[in-house]
Amino acid sequence: MTRLPEGRAILEIRHAVRAWFVARPGPVVVALSGGADSLALTAAAVAETPSVRALVVDHGLQPGSRDVADAAASAARVLGCIDATVLPVDVDGAGGMEAAARRARYRALDDARDGAHVLVAHTLDDQAETVLLGLARGSGPRSIAGMAEWDAPWGRPLLGVRRAVTRAACVELGLTPFEDPHNVDPDFTRVRLRLEALPLLEDILGGGVAPALARTAAQLREDSAVLDDLADDLLTRSRAGRELDVSTVADAPTALRRRAVRAWLHDVGAHALSDKQLRTIDGLLVDWRGQGGVAVGGGPAGARLVVRRRHGRLAAELEWSLRDSGRSGTV
Ligand SMILES: Nc1ncnc2c1ncn2[C@@H]1O[C@H](COP(=O)(O)OP(=O)(O)OP(=O)(O)O)[C@@H](O)[C@H]1O
């Protein structure tokens with residue numbers, strides 16, 4: 001373990017990281033971008049636990065990205081990590097560059113973690129932005145509940161720490177973080193929330209808006225955990241092979257029905273359900289006349305997954321178009 005100077009900011013971060021380790025002992029790798037948040041997290045992790053490794057993902061999206069990644073890896077070694085590896089990834093761009101880069105990053109980190117927990121450096125401010133974005137877009141409780149401190153194998157020890165504290169810790173430690181130009185690019189909605197909307201809200205409502213949003217998220221996560229358990233139980237009782245027994249699900253409260261249906265569809269391959277699709281499927285459950293099919297995405301190329309109510313069961317069936325014959329079929 002490394003000895004660090006004892007400034008106020010790094011002590012606060014070490015305290016948060018120590019509490020996280022006490023609750024979840026085990027080997028860790030730190031996901032290091034080279035920014036202030038993950039540099040401060042890396043410094044605190046090596047001071048609090050032995051044998052920390054760092055993983056740096058090179059998305060290869062800007063010229064010189066490999067140099068930035070190499071510099072982050074060297075900083076990790078100087079800080080006392082026993083190993084620091086750069087992981088080059090291919091970003092396919094599907095569904096927007098940012099989302100594709102995130103997918104590629106999480107996949108690479110998961111592949112390289114070798115059984116260890118992965119610490120990511122999201123802060124209280126990241127949490128507040130996530131919640132505000134969710135509220136403003138009318139998202140469901142899952143989005144507004146924000147990110148969890150622990151969502152195996154991902155750990156977020158800094159969710160209670162302000163971003164300003166990680167900046168201050170880097171100054172105390174004499175570290176020069178990488179400043180990602182995207183973090184000040186007003187073309188990104190999240191950047192405008194951070195630089196314009198949240199300061200305006202704090203001006204109107206007084207400081208403490210970001211911690212208040214983070215508290216809301218924490219309360220919702222607690223409530224959601226209970227509802228998720230009840231919905232799991234409902235799903236277990238209503239499963240009939242790959243289908244759902246309508247009479248068992250239909251009598252449950254809406255919040256449980258929706259969660260159970262979402263979990264069932266996730267298992268059969270539909271991972272990105274919109275609120276509208278869920279509502280329509282709910283209509284099939286509670287109204288016996290609901291006979292239509294609801295396409296829910298998922299399925300191999302050329303096919304689509306469709307949910308139908310039939311003979312007291314809800315079934316998710318693959319449908320495909322037989323373009324050559326002009327017919328369609330299901331499996
Ligand atoms: N290139 C990278 N290599 C390794 N870890 C990274 C990289 N970029 C980001 N991370 C990790 O993810 C954390 C969050 O980063 P950032 O806020 O940029 O991501 P995001 O796209 O908003 O992430 P998300 O919503 O991941 O889960 C960072 O603090 C760091 O721990």
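Residues: numbered from 1 along the sequence shown. Whatever order the structure lists ligands and atoms in, that order sets their numbers, starting from 1.
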A.B. asks: Check if Glu98 has a non-hydrogen atom at a distance under 4.0 Å from any atom of ligand 1.
C.D. replies: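 In this structure, Glu98 fails to qualify as a contact of ligand 1 - no heavy atom is under 4.0 Å.
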A.B. asks: Taking atom 16 (P) of ligand 1 as the point of reference, which of Met147, Arg105, Arg102 owns the nearest heavy atom?
C.D. replies: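 Ranked by closest heavy atom to atom 16 (P) of ligand 1, first place is Arg105.
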A.B. asks: Regarding Arg24 and His117, is there a side-chain donor-to-acceptor distance under 3.5 Å anywhere?
C.D. replies: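 No.
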A.B. asks: What atoms of ligand 1 come within less than 4.0 Å of a heavy atom belonging to His59?
C.D. replies: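 Numbered from 1, ligand 1 contributes 1 (N).
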A.B. asks: If you scan the protein for heavy atoms around atom 10 (N) of ligand 1, do you find one that is closer than 4.0 Å?
C.D. replies: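 Yes, at least one protein heavy atom sits under 4.0 Å from atom 10 (N) of ligand 1.
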A.B. asks: Tyr106 heavy atoms, cut-off 4.0 Å: which ligand 1 atoms fall inside?
C.D. replies: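 Listed by number with element: 24 (P), 26 (O), 27 (O).
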A.B. asks: Just to confirm my output: which protein heavy-atom neighbour is closest to atom 1 (N) of ligand 1, and how far is it?
C.D. replies: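 Scanning the protein heavy atoms, the shortest distance from atom 1 (N) of ligand 1 goes to Val57 O, 2.9 Å.
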A.B. asks: To the nearest 0.1 Å, how far is atom 29 (O) of ligand 1 from its closest protein heavy atom, and which atom is that?
C.D. replies: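 That would be Ala121 CB, 3.2 Å.
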A.B. asks: Check Arg310 with Glu317, please: is the shortest side-chain N to carboxylate O separation under 4.0 Å?
C.D. replies: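 Yes, charged N to carboxylate O under 4.0 Å.
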A.B. asks: To the nearest 0.5 angstrom, please state how far the CG atom of Asp110 sits from the CH2 atom of Trp154.
C.D. replies: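 Result: 5.0 Å between the selected atoms.
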A.B. asks: Specify the protein heavy atom at minimum distance from atom 12 (O) of ligand 1: its residue, its atom name, and the distance to 0.1 Å.
C.D. replies: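 Looking only at protein heavy atoms, the one closest to atom 12 (O) of ligand 1 is Val120 CG1, 4.0 Å.
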A.B. asks: Can a donor-acceptor pair be found between the side chains of Arg259 and Ser224 at a distance below 3.5 Å?
C.D. replies: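 Side chains of Arg259 and Ser224: pair found under 3.5 Å.
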A.B. asks: Is there a donor-acceptor contact under 3.5 Å linking the side chains of Thr130 and Arg190?
C.D. replies: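 Note: Thr130 and Arg190 side chains meet the donor-acceptor criterion.
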A.B. asks: Please report whether ligand 1 has a polar contact with Leu32, defined as an N or O pair separated by less than 3.5 Å (distance criterion only).
C.D. replies: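 Yes - when backbone and side-chain N and O of Leu32 are compared with those of ligand 1, one distance drops under 3.5 Å.
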A.B. asks: Is there at least one pair of N or O atoms, one from Leu119 and one from ligand 1, spaced under 3.5 Å apart?
C.D. replies: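 Looking only at distances, the answer is no, because the N/O contact criterion of under 3.5 Å is not met.
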A.B. asks: Can any side-chain N or O of Trp20 pair as donor or acceptor with the backbone N or O of Glu149 at less than 3.5 Å?
C.D. replies: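 Yes: the side chain of Trp20 pairs with the backbone of Glu149.
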A.B. asks: Taking atom types as modelled, is there a side-chain donor on Asp245 or Ser238 under 3.5 Å from an acceptor on the other?
C.D. replies: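 Per modelled atom types, Asp245 and Ser238 side chains form no pair under 3.5 Å.
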A.B. asks: Which residue and atom name correspond to the protein heavy atom nearest atom 30 (C) of ligand 1, and how close is it?
C.D. replies: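 Result: Ala31 O, 3.3 Å.
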A.B. asks: Can you list the atoms of ligand 1 that are under 4.0 Å from a heavy atom of Leu55?
C.D. replies: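 Per the distance check, 4 (C).
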A.B. asks: Are Leu158 and Val17 side-chain neighbours, meaning at least one heavy-atom pair lies under 4.5 Å?
C.D. replies: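 Sidechains of Val17 and Leu158: in contact.
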A.B. asks: Considering only heavy atoms of His122, which atoms of ligand 1 have at least one such atom less than 4.0 Å away?
C.D. replies: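 Near His122, the atoms of ligand 1 are 14 (C), 23 (O), 24 (P), 25 (O), 26 (O), 27 (O).
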A.B. asks: Heavy-atom count around Arg77 CZ within 6.0 Å, excluding the residue itself: above 12?
C.D. replies: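 Result for CZ/Arg77: enclosed.
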A.B. asks: Do any nitrogen or oxygen atoms of Asp37 lie less than 3.5 angstrom from nitrogen or oxygen atoms of ligand 1?
C.D. replies: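 For ligand 1, there is no N or O atom that lies under 3.5 Å from one belonging to Asp37.
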